[in-house]
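Down below is the structure, laid out as structure tokens.
Values in this document were obtained by computation on a predicted structure and should not be read as measured data. Hydrogens, waters and symmetry mates play no part in the numbers below; they use all other heavy atoms, side chains included.
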There are 2 protein chains.
Amino acid sequence: MQQPTIADVARAAGVSVATVSRALRGLDKVHPETRERVVQAAAQLDYIASPTASGLASGRSRLIGIITPFMARWFFTGIMSAIEKTLREHQHHILLMDLERSETSMSRLSLTQGMLFKRVDGLIVINVELQDAERDLVRRLGLPVVAVGSPFEDSPCVGIDDIGSAALAAEHLLALGHRKIAYVGRDYPEAAPRKTPIDRLEGFHQAMSRAGINTPPTWVLDSDWTAGDSRASAMALLSGPDRPTAVLAASDEMALGVWGAARQLGLEVPRDLSIVGIDDHELAPVFGLTTVRQDVAAQGVAAASTLLALLGLYDPSAIPDQTFPVELVIRGSTTAPAKP
Amino acid sequence: MQQPTIADVARAAGVSVATVSRALRGLDKVHPETRERVVQAAAQLDYIASPTASGLASGRSRLIGIITPFMARWFFTGIMSAIEKTLREHQHHILLMDLERSETSMSRLSLTQGMLFKRVDGLIVINVELQDAERDLVRRLGLPVVAVGSPFEDSPCVGIDDIGSAALAAEHLLALGHRKIAYVGRDYPEAAPRKTPIDRLEGFHQAMSRAGINTPPTWVLDSDWTAGDSRASAMALLSGPDRPTAVLAASDEMALGVWGAARQLGLEVPRDLSIVGIDDHELAPVFGLTTVRQDVAAQGVAAASTLLALLGLYDPSAIPDQTFPVELVIRGSTTAPAKP
DNA sequence: CTGTTAGCGCCTTCAA
DNA sequence: TTGAAGGCGCTAACAG
């Protein structure tokens, strides 16, 4: 059977197509009784407006592009899920654009006009710094943008205080009496600059210098933010002669990587090494990892709501805060350093 | 500046809009010289066909719906990333539909006509069993479907041999000499039935009964397949008087949950407890978890290619196999049981 | 409050 | 091989 069109509904309800369109979209200037009749008819016919047709006529696709450098990360999947649910409540859908390039993890794909033009109504940019050409493109297309983690021009940006988070973690270790603290999570020099890695390292440095401690450069480890890579870096660090008594990892995934290295070297956590992460990954409580918790779902809801507001579909006064609090969660992976 | 339309290109190339349309879509029956002229003109104008307009006219949205019960799982993000890249190479995009309902993890949202009608050209259904109403809807809409993990009617289905994978893991433990083996990963009775959990449990049972071993029902643990939940179940199991010497978890995430429980109880892996998982999660090598590896990216490519073939956009003879091999990866988390 | 009437930008017969 | 013209189904003025 053929799907019904707006004309079928109009006929069934005894009104014009324009009235059907207004009634179904909840516009005012429709008599309640008329609206009721239209809604009934539409329901009975199982009518749904064609998204392509209304998209062409209205110029809105009801699609939001999500830009991310790679999707297989804890932070991304969590925020994505929240964004998707929030947008769907407002009849919007998500177009995923994973900029990861499989061959070389350092470079990434570019946004193209073909991906965006007339295809999405807005963009949520997660943890990527857009290149010049991409910025121009987005500006030329006039797309509203909400940034997450890394700011985009003067678009609204949701995230946490990365500097403060890392400082909080460092201060926890310092308070326990650690002085020999290493850091894992500086981006590789070849990688595109991202605000989160930069800020967290900065927070670490700030806390350390406030405590009057000078961290040797060899104790700041580069990582691509995967568990496997940080494990490799940590292996080198921990098997050396002069070991730190504690490691601050810029993410829980990296923290677990360090933990794996310690384990392989026969070091026991926290007896021989304290480890603290940032995020509160689902495996953090499982292994008793001390961490700085952030609420990813809340950030997703905020990002989505803000974008809807930019599109004029959401009450701007109801937009939640853009900077989210974090919280130190002390579990078993940190303790005072052994007395020498 | 206004974006150029097909008419602008036609004017610039000195041909009709129909010819531009044909030339740009690579249809035959266009003189190579003409095509060249059109392509030049389009490039110079930075012309991109409006997806909504061509969608309305052609009836194809170039959008593929991805249905999943929840997206924050290792398997899902991995396959998703591969699907997205494969589809994008063919100018198709992904519409994510996460059926997870936050309040109660047991029930899930339903697919609705509003989500699908005229919005997607096809569906990739990942690890969900569709309900009757949803099946009817999909059939009525005439959407081609590719299933992953759990079959959908007689649509193509990609996946691994779940029975064989679990049996492989069990046989590894049996070969090491274990007799007291517990299993984690049976779905909760309230959950919608899913093929993967059922088959893996079946594989475990088959291997055990082939070895002539009778597993007590209390050694088969229910789990929602998260690390946290399986850790809780494992805590109860491992703190009891009669402990198994080994645990087979139906996924690596659950295996790590069991590991966390063991750790908390002061049991050492593998000395006091052998643990084997299935998947080869990114943390498996980090912790030295023995597991049965599956190639998730390959499955994603296969699912996407198969769907493109169903849409007539891909050479059917180039479709990869649908059942993927698995491989036992022995690391340090399994060893022979301690002699009593 | 409701109906009429142009488009929105492209695809696709049908003729030439 | 190319062009002309009629939709695709809906929205948005503009009238009434």
Whichever of B:Ser16 and B:Lys118 has its nearest DNA chain D nucleotide further upstream toward 5': B:Ser16
Any donor-acceptor pair under 3.5 Å from B:Arg88 side chain to A:Met97 backbone: no
Interatomic distance where CZ belongs to B:Arg119 and C1' belongs to D:dC10 [whole Å]: 14 Å
Angle by which the axis turns from one end of the helix from C:dC1-D:dG16 to C:dA16-D:dT1 to the other, five pairs per end, to 10 degrees: 30°
Short side-chain to backbone donor-acceptor contact, B:Arg60 and B:Asp121, under 3.5 Å: no
Boundaries of the DNA chain C segment in contact with chain B, non-hydrogen, under 4.0 Å: C:dG9 to C:dT13
Phosphate contact (D:dC8 OP1 or OP2) by A:Thr52 side-chain N/O below 4.0 Å: no
Sidechain-backbone polar pair: B:Arg62 side chain, B:His92 backbone, donor-acceptor under 3.5 Å: no
Any side-chain donor near an acceptor of the partner, B:Ser150 and B:Asn127, under 3.5 Å: no
Whether A:Arg25 side chain and A:Ser21 backbone form a donor-acceptor pair below 3.5 Å: yes
Passing option when B:Ile83 is tested against B:Val301, B:Ile126, B:Ile64, B:Leu307 for side chain to side chain contact (heavy atoms under 4.5 Å, CB included): B:Ile126
Euclidean distance, atom CD1 of residue A:Ile48 to atom P of D:dC10 [Å, nearest integer]: 11 Å
Which pairs of donor and acceptor atoms, one on a side chain in residues 40-48 of chain A, lie under 3.5 Å apart (sequence neighbours left out)?
unit_1	atom_1	unit_2	atom_2	d
A:Gln40	NE2	A:Glu36	OE2	2.8

Donor-acceptor contact below 3.5 Å, side chain A:Thr77 vs main chain A:Trp74: yes
Basic-acidic side-chain contact under 4.0 Å: A:Glu153, A:Arg135: yes
Spacing between A:Arg62 atom CZ and D:dG9 atom P, to the nearest angstrom: 19 Å
Between P of D:dG9 and CG of A:Leu45, the distance in whole Å: 15 Å
For B:Glu89, all residues meeting salt bridge (Lys or Arg N to Asp or Glu O under 4.0 Å), sequence neighbours excluded: none
Footprint string (nucleotides 11-16 of chain D, 5' to 3'): B base within contact, S backbone only, - free, heavy atoms under 4.0 Å: SBB---
With A:Asp8 via salt bridge (Lys or Arg N to Asp or Glu O under 4.0 Å) - residues at least two apart: A:Arg11
